[in-house]
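These notes are about the structure you will find just below.
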Number of protein chains: 2
Amino acid sequence: MLKLDPIDVRQSASAADLVFEALRKAIVEGDLAEGEHLRQDHIARLFNTSRIPVREALKRLEQDGLVTNERYRGTVVAALSSAEVEEIFEFRALIESEIVRLAVPRLTPEHLAEAQRHLQAFASERDPSLWGEINRNFHYSLYAAADRPYHLQVIRSSLDRVDRYLRAQLTLTDGIGRARAEHQAIYDVCAGGNADEAARLTRAHILDASRSLLAFLDQRRR
Amino acid sequence: MLKLDPIDVRQSASAADLVFEALRKAIVEGDLAEGEHLRQDHIARLFNTSRIPVREALKRLEQDGLVTNERYRGTVVAALSSAEVEEIFEFRALIESEIVRLAVPRLTPEHLAEAQRHLQAFASERDPSLWGEINRNFHYSLYAAADRPYHLQVIRSSLDRVDRYLRAQLTLTDGIGRARAEHQAIYDVCAGGNADEAARLTRAHILDASRSLLAFLDQRRR
DNA sequence: TTAACGCGGATTGGATCCAATATACAATTC
DNA sequence: GAATTGTATATTGGATCCAATCCGCGTTAA
């Protein structure tokens, strides 16, 4: 009998899924400015599809808080107030420090090796547009050891909302320098197996970025 | 000149919004069993509408994790494994204890009065089908004082996922009795202004329900 | 007997068409 | 000239239609 690798041939990505992922990525990475109108017809043409899958994608983005919709007026990229940004960073500090605490006792050499790769990439990468992605990967490589899929999902969702601001903050004077130093410190205590200290440093790292970012936002918005 | 109260006449609820809310409520309250198929055409007829708004509602529910969708195979009410239920309760224990810690110093007499009303309703209500709603309201009346909209939104979302299981747990032997006692204890320390103790009791309350529920689920699923 | 095959209805995904509403701008009135 | 009104166009929300896929069931062949 013929034997083949049982690859799932079912293409699970519908047009709506593709549009959703593309728009999500564009918003998270800051390629779509906050307040920008997302016209159904325009997006549909970009993807060579009709407005139906576009509308489904926009509904999903709305549910994630990445866009807002007003009936008959359309969908715009969500804009966050300083207070909202601050609250989300506070939330991240709470949950990400806890996930690190859970992760540290479970860290394997493989986890640490991957984290170190991202650490080095972060140190050597010159292109600021890549820092955000590397930053995410570094933290996620540690969080993965916690083996808490729901927590990770919530972390992803909360970071998605503020990542474009965070990426702007990284490019500020000293933003990248402090991030590098703090990452190294977090990595060191993780490798040393000190869960409480890793949690404390992660919390401080997030709140530090928050303070720097809010100072920048408040200044820019005046 | 004619003067009228400037009421916003714009009806913000689209058909998709109404369908979404109705389905969400039905799933959260356990009226739709896990694994049940949600046929677009059937739902559309129920609401006297076409399948288009139904599909948008289903996409939003999927984004919230309340249903799962497989291409060309349809949408079913999500079923959670015991491990997933356990993780979500662990998550709730973390974030709800923290929100209580933030809320206590900000509690006004009005907040406490509302919490006490829910406490009494919880104590006197005979109809088990209403316990879940009252339970939510009691906790939310305390959480509201924290004034953290994003945290509250995440709390709502996580509770939505497990509320149908929690409601089943409340009707178990002693489930409602322990919940009543623990609510009273939480209320007392909140009214006394002891934030740390309120957080500790909230955490214990959630983990207590989790243990009881998991024992029940593991037994039922065998 | 049973497993593979194929057909037809059921269901979902997507395209196109129509209705409802908003917005920009010209026309009009004071 | 400014405010208001009417109108044309753009855009969204929803309905209907078509295509792709799944699934149950009967048929057939080994």
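Each chain gets a letter, A, B and so on, in the order the sequences are listed, and its residues count up from 1. Quick caveat, the model's predicted, so the values are computed rather than measured.
Of the charged side-chain nitrogens involved, at least one lies within less than 4.0 Å of a carboxylate oxygen, so that E56(B) and R55(A) count as a salt-bridged pair. The pair E90(B)-R148(A) counts as a salt bridge, with a side-chain nitrogen and a carboxylate oxygen less than 4.0 angstrom apart. Of the charged side-chain nitrogens involved, at least one lies within less than 4.0 Å of a carboxylate oxygen, so that D208(B) and R178(B) count as a salt-bridged pair.
The separation between D41(A) atom CG and dT16(C) atom C1' is 12 Å, rounded to whole Å. Rounded to whole angstrom, the span from the CD atom of E70(B) across to the C1' atom of dA20(D) amounts to 16 Å. Distance, R71(A) CZ to dT23(C) P: 14 Å, rounded to whole Å. Counting to the nearest Å, the C1' atom of dA19(C) and the OH atom of Y72(A) are 8 Å from each other. N69(A) has its CG atom 15 Å from the P atom of dT21(C), to the nearest Å. One interatomic measurement links the two molecules: CG of L18(A) to C1' of dG14(C), which rounds to 13 Å at whole-angstrom precision.
The nucleotide whose nearest atom lies closest to any side-chain atom of R73(A) is, among dA22(C), dG14(D), dA20(D), dA22(C).
Close to dG13(C), at under 4.0 Å from its OP1 or OP2, lies a side-chain N or O of Q40(B).
Between H37(B) and H42(B) there is no side-chain heavy-atom pair separated by less than 4.5 Å.
L38(A) comes within contact range of the sugar-phosphate backbone alone, with a heavy-atom separation under 4.0 Å but no base atom that close. At a threshold of 4.0 angstrom between heavy atoms, the contacts of D17(B) with the nucleic acid are absent.
Annotation: cation-pi pair R24(B)/F20(B) absent, no NZ/CZ under 6.0 Å from the ring centroid and within 45° of its normal.
With hydrogens and angles disregarded, no donor-acceptor distance shorter than 3.5 Å links the side chain of E87(B) to the backbone of E84(B).
Applying a 4.0 Å cut-off to non-hydrogen atoms, the residues of residues 45-57 of chain B that approach DNA chain D are T49(B), S50(B), R51(B), I52(B), P53(B), listed by residue number.
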